[in-house]
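What follows is a set of notes on a single structure, which appears directly below.
As a basis for the values below, the full set of heavy atoms in this structure was taken, side chains included, without hydrogen atoms, waters or symmetry mates. These numbers come from a predicted model, not from an experiment.
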Amino acid sequence: MALAAAGLKTHIWNNNLRSIILLVGYPFLMGAIVWATAAAIGFFMGQSAGPNAPHGAIATNFANGFIAQYWPLIGTAVAIWFIIAWFFNTRMVAMLSHAKSVTRTQEPALYNLLENLCIARGLPMPQLNIIETDALNAFASGVQRSDYTVTVTRGLLNTLQPDEVEGVLAHELTHIINHDVRLLMVCIIFTGMIGFAMQLVWSSVRYGLYMPRSGNNRNNGGTIIIALAILLILAIGYGASLLTRFALSRRREYMADAGAVELTRNPDAMMRALQRISGRDHIPAVPDDVALMCIENGHAFMGLFATHPSIDDRVRAISTTTGTPIPGAGGDEKSDNPLNPWAR
C-alpha cells in the first residue's frame with residue numbers, strides 16, 4: 001500500500017509538472033511559428049531583390065524585426081486565449097461533444113450515485129453532463145474545482161447496471177483526483193489551438209491552389225513560396241500537437257481503474273462495465289481530442305497510436321490485482337435489469 005501511494009503521488013506530481021511545462025512552452029511555440037512565417041516571407045522578399053541578394057540574412061532580419069515590433073500583440077493574443085481557455089474550457093468541450101448539463105431533478109438516480117462517491121472521497125460535487133447517443137462512454141473535464149465536469153452518454157446509462165455505472169463514475173472522479181483531467185485539458189484546449197489554426201490555414205492553402213491562377217509567373221512563384229511557408233507552419237503545429245499527446249501516459253487509465261475499484265470496493269462491477277463498453281464506445285461527430293478523454297477510445301489517435309490500453313488488458317489488470325475472477329462472456333450483453341433506473 002505504501003508503494004502504491006508513492007506511485008500515485010509520483011503520477012500526480014508528473015501530471016502537474018507536464019501541465020506547467022506545456023503551459024510555459026506554449027507562448028514560445030507560438031512565437032516560433034510566427035517567426036518561421038515571417039522568415040519565409042522575408043526569404044521571398046530576398047528573392048525579389050535579385051539572385052545575388054543575401055536571402056538568408058534578409059529572411060532572418062525580417063523575422064527578427066517582425067518579432068521585435070509585434071511581440072506585444074503576439075503576447076496579448078496568447079494571454080487572451082489563455083484566459084478564454086481557462087474560464088470557458090468546460091463549455092468548449094461540451095460544445096464539441098454535444099453534451100447537456102443535467103440536475104438532480106432531471107436525473108436523480110445518476111446524480112445521487114455521483115454525489116455519494118464525492119462524499120465518500122471528500123470531493124466537491126462536479127457538474128454532471130449527458131450526451132444523447134447510444135454509444136457507451138464517459139469522460140471528465142475541467143482545469144479547476146469550479147469547472148470540473150463528469151459527462152456520460154445515454155447509451156451507457158441505458159445499458160449498464162447501477163453498480164457498473166458507479167464504477168464508471170468513480171473512474172472519472174479518479175481522473176480528477178489524479179489531475180489527469182487537468183493535463184488532458186491543457187493538451188486539448190490550450191495547445192490544441194495550434195492544430196485548429198493549422199487546419200484553417202491548410203483549408204485556405206488548398207482553396208488558393210485549386211483556384212484558377214492569373215498574373216505572371218513571378219506572382220505564381222511567390223504564391224508557391226508562401227504556400228510552402230504555410231506548409232512549414234502546418235508541420236510545426238502538427239508536430240507540436242502530437243508531442244502534447246505523447247506527454248500523456250496510457251498508464252493513467254490503469255490508475256483510474258484502480259482508483260475506481262478502491263473507491264467502490266467492487267472490482268467485478270468495474271470489469272463488467274469495461275466489458276460492456278468494449279467495441280461500443282465510438283461517439284458520432286466527436287473529434288479525436290474529446291475521444292482522447294473518454295474512458296475508452298477504441299480508435300487510434302489520428303490513425304497513429306492507441307491512446308488507451310486494450311479493454312482486455314485493463315480487465316486482466318483489475319482481476320490480477322484484486323484476485324477477482326474475470327466476469328463471464330455475458331459481460332458484453334445488454335443489461336436486462338428491470339430495476340435499471342436509467343433504462344428508456
Heavy-atom closest contact (A63 atom, A39 atom, distance): CB-N, 3.6 Å
- request: For the residue pair I318 and T324, establish whether any side-chain heavy-atom pair is separated by less than 4.5 Å.
  value: no
message: On a heavy-atom basis, which atom in N129 and which in S101 lie closest, and how many Å separate them?
response: OD1-CA, 3.1 Å
Inter-residue atom distance L110.CG - E166.CD, 0.5 Å rounding: 11.5 Å
- prompt: Can you name the closest pair of heavy atoms from C294 and H308 and give their distance?
  reply: O-NE2, 2.5 Å
Distance-minimising heavy-atom pair for G167 and T264: CA-CG2, 4.3 Å
Distance in Å, L128 CG paired with E107 CD, rounded so as to fall on 0.5 Å steps: 7.5 Å
statement: Applied to residues 109-118, the salt bridge (Lys or Arg N to Asp or Glu O under 4.0 Å) test, sequence neighbours excluded, yields R104-E115
message: Is the shortest side-chain heavy-atom distance between P126 and L114 below 4.5 Å?
response: yes
- prompt: Would a 4.5 Å heavy-atom cut-off, applied to side chains only, mark V286 and T133 as touching?
  reply: no
Could you give the side-chain donor-acceptor pairs of residues 134-141 under 3.5 Å, partners two or more places apart or in another chain?
| from | atom 1 | to | atom 2 | distance (Å) |
| --- | --- | --- | --- | --- |
| N137 | OD1 | I295 | N | 3.3 |
| N137 | OD1 | E296 | N | 3.3 |
| N137 | ND2 | D281 | O | 2.8 |
| N137 | ND2 | E296 | O | 2.9 |

- prompt: Would you say the side-chain atoms of N89 pair up with the backbone N or O of W86, donor to acceptor, closer than 3.5 Å?
  reply: yes
task: With rounding to the nearest 0.5 Å, note down the distance linking CD in Q144 to OG1 in T90.
output: 8.5 Å
Reported CZ-to-CG distance for the pair R314 and L274, which is rounded to 0.5 angstrom: 5.0 Å
task: Quick one: pull up CZ in R265 and CG in L263 and give me the separation to the nearest 0.5 Å.
output: 8.5 Å
field: Pairing residues for N64 by the side chain to side chain donor-acceptor pair (under 3.5 Å) criterion, not counting sequence neighbours
entry: W35
query: CE/M293 to CD/E172 distance, rounded to the nearest 0.5 angstrom?
result: 8.5 Å
message: Can you confirm whether Y148 sits close enough to R182 that some side-chain heavy atom of one is under 4.5 Å from a side-chain heavy atom of the other?
response: yes
- prompt: Using 4.0 Å as the upper bound for N to carboxylate O, is an ion pair formed by D268 and R272?
  reply: yes
